[in-house]
Structures are given as structure tokens and as C-alpha cells.
*Asks:* 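Just passing along the structure, written as C-alpha cells.
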Amino acid sequence: MAEKWIYWLKEVGQEDNNVVGKKCANLGELTKAGFHVPPGFALGVEAYSRFMKETEATDLLLKFLDTFHADPNNVADTLRYEEASNTMRALVESVKMPPDMEKKIKEYYAEMCRIAGCENIYVATRSAGPTSHPGQYETYLNVSGADDVALNVIRVWSSTFNTRSVIARARLNLPLHYDPIGVAVLTMVDAKAAGVMFTVNPVNGDESKVAIEGSFGYGEAVVSGNVTPDRYLVDKITLEIDEKVISDKGSEFIYNPETKEMEYTELPPDQRKRQCLEDKEVLELTRLAKKVEAHFGCPQDVEWSISRSLPFPESIFLVQARPESVWGKKKKESVLGKKSGMELLFERATTPIKLKM
Amino acid sequence: MADAKKFPYASEVVLPPELEGWEEMYPPQRLFSKDREAWENKHFWYQDKIHAPEPMYPLDDIFQEAWQISLSQFTTRVFCIPPAQGVAQRMLGCYMYITAVEPPPPEVIGEKAERFQKRVFYVFENYDALWDKWLTKFQALGREMESLKIPKEFDKYVPDSEIFPAPRGYTQAYEIIEAFNTIISQIFKAWQYHFEYLNLAYLGYLMFVDTARKLFPGIKESTIGKMVAGAEVSMFRPEEELCRLSRLAAGQPPVAEILKKNIPADKKMEELRSIDAGRVWIGELERIKNPWFFVSCGSGWYHFEGSWTNKMDVPFSYMQSYVQRLEKGEKIERSLTAISEERDRIVSEYKALIKTDDDRKSFEDAYKVVRTIYRYAEDHLFWVEHWLHTIWFEKIREFGDVLVKNNVLKKTDDIFLFNRFEVPMLLEDLATAWALGEGAPTRGKFWMEKAAKREKILDAARKWMAAPGLGVPPEEVSEPFTVMLWGVTTDKVAEWLKGSETASKDVNEIKGFASSAGVAEGPARVLKLLEDVVKLEAGEIMVAPCTNPSWAPVFTKIKAAVTDIGGLTSHAAIVSREYGLPSVTGTGIATSVIKTGDIIKVDGSTGVVTIVKRV
């Protein structure tokens, strides 16, 4: 019996990190824990391996690599890596998927469509490496139709041969022709606004706050840093919005049905400085952030998306959760120096309050 | 030439000509002076809108005079808070300015530190017993003041009872002079007691703010306020009594009917007296009146504010709306359990976020320290500013009445136009004329003219926009009480500077402390005095110089609250949060920039007030 390589999200959890990749494992964990996550399925790293091994892909790559030599630490060679990447990606993307795999993926997609009650549902095909490489591999949004889904799964796999990944592997002396990752196929949220939140104030490590950043349209705009998002700082305990910075967001990242591409569209002037979230949405996100943090037991970095067609609060989806990388790792040290209340009082009494003018 | 970094020095302030002669209302040591100019110019002075938002009546100035001594001495000479010194006051154009005196030399700081540890630690260890002692002696002092005998009128001949069996040896002439001396001593003593533990309560609070901020750098002061505030403190008792009386009335339909009428309070009392159930209800009111109706309609700092005892329309209008709400099945009381539970929830959830056991232990201990003493800040206010001041004002009016009866003054309250050193002159004038026999004149005409002139000066001062600050703002503010009590921080000072540069009509956005979260938009009602509360309509946003717990029932009517000055832990800020209303405090300029009827937007989360549309 061949190893299982495709899973519904609810079938996987944190422990399946190495089976389906980090993103899929976390999304599965969130789904199982009852959070509102866009429905979808995951292709395990085994699917990548099967594709690479059961098709001519590996042979084609190895043959090409035989003739390729460059130094990853030499900046001048970057262009050569870029050319190699283009060739390798073209090679991979020209290969046909084994028919049983393609059939299975299409069955899963059909089931997604059936459950959603919608033909050719739009999905995102997202990369999921077993270790976290934020932004290294690629993600394709607004994919619709079974054929396109299969095609874009291959495109995600081929993104392991994009320039930055190839150079990264070359620097670590890892094989260049093989880097198994998982793929998440998720229902697209027709996002009116999306963004990221931290369950700790990233500025000062204050764990009593949730910091939310969001902008109009899809979350990639915020994650990539292509727009200046609105910022909210919310107290976890009082659920009060402590800070609210509404930015000039310039443009939104949305799907253009005509070109079938995701693109940045300039916002009308009256829209640019409008708050992208309603206060009740900010507070609901905060409640969710607290629950996610409690579930995983450490500060989290959570991506969210708000649907324009669903009613609040079902409109809010979590699309990613991972441990916050800076404050979560800090050593927990005493800041009050074991002082008693009276010692603290004496300290206060002897220290003038200094306020800069 | 206006310097954007400084306010005018006192000597540079140009007063309107109508204020001419204002200086003579106040004792000379309370004025800015050439001989102390160097010291005065070294300090940054700001208008004290908490205690003196209105031009100062000479006799009301006594409380200010008393707290300058009392607050300062407990810091410098009694509990010896090492780097802090007193808070000095000066009058200018009938407004009071204050400044935190610069820190003492290093050797003094060292001497004070030793005493501080010994004395202050003792207080914290024994606070509960000390508070009982405080209340006992303070109530005794108040009762002494209440029982002070002031001659109601001067007898043509001393009655026989003072002659037989042995002449008393002194008369009403002496009695009235002595009575005034006594009441001055009493009010000074009351104000000595006022600060007995207050500085320490504030210090405890600031310590807790520091501790909480070290653990949670972004914790808001309003959240800290929620953690330390007591629910069952004396200052909330008057309102609780109103609720209780309203419930009693609601259970007696004839009483409720009378309370709901749109007629003045004295008419309601009259009607109540005419029915059995009404007399029973009045009996209940009389039983709790002293002390719980001895609550000022304002801050307690001005004679004209009145109290629930002499402006019965205020409590009766509250009760009218309470009875109506009870009939609609609404709950009118603050839920003390809910408040305490919410407080405990906040504290324990924050505590759960603390990362190390050591810090959790320190936090718990710091919290215990602040909770031990903070209730003093909440309890003393009722007993001093409300209960005792109500007694004081009534007693002073007895002196006023005698002066009016004998043609020394025109109106009872004109006595407040003379400072505490001058009133003895009026009384002596009266006593002398009486002693001299028939036909001997007083200087009544002179006093009356003086009173009329002073009333005019105060009127002019009311119309004059006094500068919020004087002199050069400091690089840093190091006196903790200033920061806490008056909400004066460097940010605020910078805002004031902004305000003083631009004409008030050009200011459309005002910043203050975000003291209660939420956003509200609506018409503004600028209330300079609590009496104006009567004009307040449901759904308006209250804009006031400062707020006060006796305004609590107002909060059921309004949409949001904005104040000129105010710390985040003032009782009003607490009430505001309890009623879930957005509020922005410590704006410095709201009452001068906003006009009644302006549409304003209050964001209690960011501390910004925006004038959306002007009238």
C-alpha cells in the first residue's frame, strides 16, 4: 500500500509538520481546534516526492545540473542562478502529473466544490515547507477549475527551484534538484480586508496586547510590505483598543477578473485613509488571537482575512498561525528584581519622574 | 514677541483694566512679587483648574491657603518623601497658579530617606487602625464645627441669664469674634488632616503604576485605575442613598407620583408632608441627611456651588429620573459585586501573564500595598471636601446673616467677598458699633461698596481667558503629585502651548488622556457649574472644567464626558468607566475651545476630541 500523500485539513495536526509541511500542519491544527479556517486539503511532502520520482522531472533536472556550475557566495553569479532557475522551473512545469495523482487532486477539489455548493470554487495554492522559510516559495491565488488547480500545484512545487531557494540550498551544500514541500489548497476568502496579528506587542514584548495590522484587499499586501497598513493595539484583558493608527493605504491587492491576475489597484482618495476594519472586527480578531495563543501555548503570529460576502463574525477567517519569532524566544527574566511592595514604594519615592519635553 | 517654548512670566501678563484692584482681595504673601521674582521665574506655574477653575472668592481662598501648607508639609517635613518638595501657589488676576517646588539639595534627600522608611513603612503596616483613628477625630472635628455657637443677632441688652447668679463677663461682641477665630482654626485643622495619608496614597498609586508598566509597558492608566479603585468608598455613598430613597418612593405610589412631578423640590417636600407615606419617606431622608446629603453640587471648593442640602433641586431631579427608571423596570444601582468582580478579573488575568514567579510575587505585594492605602484617596474626599465644607459654608453664612441684619453687608453671601483676615474687621466693626451704644455708625457703606466692586472684578475675571501656564516649562516634571493629581505632564503642557498660540476658534482637535474607552459623537454641553446640569439634555456630551463624584447621576444622561483637567483615577473617571461612557480628561482647553451646541466627537480610546461642526 502506497504512502498517503493527500489529506483533508482536519485530518492533520501540529504533529504532522514533517508530513504535510508547517503551514498545512498549523492550519490543520487550527481547523481541528474549531477555528474558522478556509476549507481545503493538503498535499504532503510525499506528493512532491512521488511527482519528482515517478515522472521524468528528476532526470531532467539532474541532467541539466550536470552542466551547471556557479558559486552561490559570489554575487556576480546571481544572474547565472536566475537563468538556471528559469530553466529548471520550465522543466518541472512542462512535466505531466502522474494520472492517479491528478485524478485524486481533482476528486478532492470536486468535493470542496460540492461542500461549498459552488462550481469551480476559487482556491489558493500555498507552499508549506517542513521548516519555516517565510516568503521563500510561492503561492498562487484565485485558482479556479480542476485543471488549473493541478497546474498550480505543480507551479508551487516548481517554486522550490526559484532563484532564492536554489541559492539558499547551494549555500548550505544541499542537493539542488530536490526540496520536498507540502502544498495547501485552500478556499479563497473574498477578502475585503486582511492582515497579520501578533499576540504580543512586537515593539516592546508586552504580552498583554494584541497588535493587528490590516489593509484593504488580500493579505499579501500587508505581508509583503507593499502597503502601509492600519495598526491597532488592543488590550487582551480589557479588550480596549489602546491605539489606532489609520494609514494612507494607497492601493489594495485584489483579483482582476478580466486579466485573471492578482494586482495592486489604487484606492479612490476617499478610501485610502479610511479605517479598513470596524471596531467590532478588531475586537473579534483579538478574541481569536487570544484563543490561538492559548491553544498553542506561546505568542503567535496569525494571518487573518475578512470575507466581504459573509456576515460578521463568520466573515473572519484565520489563514495561518505560527509561533512569534522574536519575543516568544526571549528568556524569561525577572524585571522587578525580587523586590517587595515596600521596597518598590521606597524606590518610587526616591526616583523623580522624568518626562522629556 | 511670543516665544513658542514659553508662556509669559507673571510680570509680563497684561490684565484687562476691569480687573484693577484685584490684588487687595488676597493676602500679599499669595501674590507674585518683585522681591521673590527670581525664585518665581525659576518655576513653571500652571493654572490649577482642579481646585480653582473659577476666579477665586477671597474667603473661598482659605482652602487653597490651607492646602498649600498641608500638602507641602506632609511631603517635606512629616513623611519626608526624599526628592519631592511642596507645591506653591500664587494668585494672578483672581486665578490661582501652582508650581512644584524644585527638588532639595542632595544631603537633604539623604536625611529624608531615613525618616521616610521609618515613618512610611509604619503607616502602611498599620493603615487600617490608623484610618479608624483618622475618621474618629475628623468626625469629632466636624461635629465641633457644627455645634459652634454664632450669635444670631445682637441683643439690645444682655439677657438676665448672663448676669445671674454671676455675670458671664463677656458678651456677643466677644462671642462672634471668638467664633470666627475658632472656625478658622477648625477649617485649618481639617485641612491639616486632609493630607495626613493622601500623599502616601498617591505615592502608593504611582509605585503601582511603575510596577505595572515595567511588566506591561503598554498598560493604560485607566486599566490601572480599574485595578486599584475601591467600590465601597464613602464618596459613592450619597448616590447609593439616593437610589435607596428612590426605591422606597417607588414602592409607595403616592410618594412616587409627587417625586415625578415637574415642580421645585420645596414644593415636593410640602406635598410630601401633607400625606402619611410622604412623612415617613421624609423621615427616612432626614435620618440619612447628615452626613450623606452633605455633598457639594460641585467640587466643594466654592461657596456658590451649594450642596444637596441647600440645593435640593439637584438630588430631587436625580430621584425623579431614578423613580421613572425604576417604574420602567430598570436597575439604577451600581452593581458593587460586578465592579469588584471585574476588578479581580483584570488583576488576575494580568497576573497570569507575568512570566516569572519572582515578578508575580513582587506584583502581588505591590498590589497589596496600593490597595491598603488607596482607599484613603477615595474616602477622605467625601469627609473633607463634601461633608465638612458643607458644614463650613452653612456656618459662614450665619456670620453673613448677622452682618446683613446689622447693615454691614447687603447679602449673606457677600461675606465670601472678604478674605479670612478681613472678615474679623467687619465683625469687629459690627461689635464695636453695638458696644458704643445707640446711633454709633459702622462702615457698612464702605464694606458694601467694596463688595460691589469686588463682584465686578470677579465678573471681569470670569470673562478673561487666563493663560494656562506662566514661565518656561521645565525639561522634566519631577513632582509626582503634580503629574498624578492635576494630570499635568509635559505632553499636556505642550498641548497648552499649542492652544495658547492659536485662537480658540481655530482649534478643531483637542488631546487629553484616554480615560474611558469608546467613541461618541453628539452636541456638546459646556458646564461651568453643576447647577447648569439642569439644562443638560439626554444624549449630550458633557464638557466641564473637571468632574466630581456628586455628578454621578449625570452620567446616566450623557453620551460622553470631556474635562479640562483631571487625573485618570479621579472618581469621575471611575464613574465614567462604570457607565461605559467614552471620556477624555485633562485636555487643558476643552471648556474654552468648545461651545455648547458644537457637535463634537470624543474618542476615549485615543484621547482625541474633535469638533465636527461649530454652532
Side-chain angles (χ1 to χ4, degrees), chain A residues 199-211 231-246 275 278-280 282-283 290 293-294 298-299 327-328 330-357, chain B residues 81-84 103 109 113 116-117 120-121 124 203-204 206-211 214-220 222-223 226 345-346 349-350 353 355-356 358-359 361-370 473-480 483 489-491 493-494 514 517-519 603 605-606:
Chain A
T199 64
V200 52
N201 184 348
V203 178
N204 57 19
D206 186 341
E207 287 189 25
S208 67
K209 307 292 175 198
V210 172
R231 289 192 288 123
Y232 306 86
L233 194 66
V234 190
D235 191 286
K236 281 180 192 168
I237 290 146
T238 61
L239 286 181
E240 283 171 9
I241 303 174
D242 290 352
E243 277 174 45
K244 199 189 264 187
V245 181
I246 308 304
Q275 194 172 323
E278 288 177 48
D279 285 0
K280 65 175 182 189
V282 173
L283 296 180
K290 279 173 71 178
E293 182 179 40
C298 64
W327 297 99
K330 280 255 158 76
K331 214 179 136 220
K332 314 220 174 299
E333 280 171 357
S334 161
V335 292
L336 299 174
K338 297 192 183 187
K339 288 201 179 75
S340 71
M342 289 312 289
E343 284 167 333
L344 290 165
L345 187 83
F346 184 67
E347 185 179 79
R348 167 68 275 149
T350 44
T351 327
I353 289 176
K354 306 207 181 225
L355 297 155
K356 279 274 160 266
M357 203 50 190
Chain B
I81 298 169
I109 295 181
F116 174 90
Q117 280 186 305
V120 174
F121 286 26
F124 276 87
L203 187 65
L206 290 171
M207 174 278 293
F208 186 66
V209 172
D210 267 12
T211 305
K214 275 185 193 145
L215 295 165
F216 309 105
I219 195 168
K220 282 206 302 186
S222 56
T223 305
K226 280 183 191 160
R345 179 190 72 85
I346 290 174
E349 286 192 23
Y350 268 100
L353 290 175
K355 293 176 205 123
T356 69
D358 285 344
D359 281 355
K361 206 158 155 273
S362 296
F363 176 85
E364 275 168 6
D365 208 29
Y367 184 64
K368 218 169 72 199
V369 165
V370 70
E475 296 277 317
E476 60 195 29
V477 178
S478 59
E479 200 282 316
V483 178
T489 65
T490 41
D491 289 350
V493 174
V519 181
D603 190 332
S605 310
T606 56

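Proteins come first, then strands; the chains are lettered A, B, ... in the order of their sequence lines, and each starts at number 1. Source: prediction; values computed, not measured.
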*Asks:* Among L215(B), D365(B), V209(B), which residue forms the greatest number of heavy-atom pairs with chain A at distances under 4.5 Å?
*Replies:*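 Top count of heavy-atom pairs under 4.5 Å with chain A: D365(B).
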*Asks:* Has the side chain of K368(B) got a donor or acceptor atom that lies under 3.5 Å from a matching backbone atom of G341(A)?
*Replies:* no
*Asks:* Pick whichever of Y367(B), Y350(B), F116(B), F216(B) has the most heavy-atom pairs under 4.5 Å with chain A.
*Replies:* Y350(B)
*Asks:* Could you tell me which portion of F121(B) (side chain, backbone, both or neither) has an atom closer than 4.5 angstrom to a non-hydrogen atom of chain A?
*Replies:* both
*Asks:* T356(B) versus chain A, heavy atoms under 4.5 Å apart: side chain, backbone, both or neither?
*Replies:*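 T356(B) touches chain A through side-chain heavy atoms alone.
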*Asks:* Can you measure from CD1 (I109(B)) to OG1 (T350(A)) and round to the nearest 0.5 angstrom?
*Replies:*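 The OG1 atom of T350(A) is 9.5 Å from CD1 of I109(B), to the nearest 0.5 Å.
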*Asks:* Is K214(B) in contact with chain A via its backbone, its side chain, both, or neither, using a 4.5 Å heavy-atom distance?
*Replies:* both
*Asks:* If you count heavy-atom pairs under 4.5 Å with chain B, which of E347(A), K339(A), E343(A), K236(A) comes out on top?
*Replies:*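 Looking at each option in turn, the highest pair count goes to K339(A).
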*Asks:* Counting heavy-atom pairs closer than 4.5 Å to chain B, which one of K338(A), M342(A), E207(A) comes out on top?
*Replies:* M342(A)
*Asks:* List the steps and the verdict of side-chain contact (heavy atoms from CB on, under 4.5 Å) for D358(B) and L336(A).
*Replies:* CA-CA 8 Å; D358(B) 285 344; L336(A) 299 174; over 6 Å; no
*Asks:* Is the side chain of N204(A) donor-acceptor paired with the backbone N or O of P217(B) at a distance under 3.5 Å, no angle test?
*Replies:* no
*Asks:* Would you find more than 12 non-hydrogen atoms of other residues, nucleotides or ligands less than 6.0 Å from K290(A) atom NZ?
*Replies:*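 Yes - once you tally the heavy atoms of other residues, nucleotides and ligands closer than 6.0 Å, there are more than 12.
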*Asks:* Nearest 0.5 Å, please: how far is CG in L345(A) from CG in D210(B)?
*Replies:*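 Output value for this atom pair is 10.5 Å.
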*Asks:* Is a side-chain N or O of R345(B) found less than 3.5 angstrom from the main chain of I237(A), in a donor-acceptor match?
*Replies:*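 Between the backbone of I237(A) and the side chain of R345(B) there is a qualifying donor-acceptor contact (under 3.5 Å).
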*Asks:* What option among L233(A), D235(A), V203(A) has the most heavy-atom pairs under 4.5 Å with chain B?
*Replies:*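 Going by pairs under 4.5 Å, I would pick D235(A).
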*Asks:* Nearest 0.5 angstrom please: E333(A) CD to D359(B) CG, how far?
*Replies:*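 Those atoms lie 10.0 Å apart.
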*Asks:* Looking only at heavy atoms, what is the nearest atom pair of A349(A) and P82(B), with distance?
*Replies:* O-CD, 3.7 Å
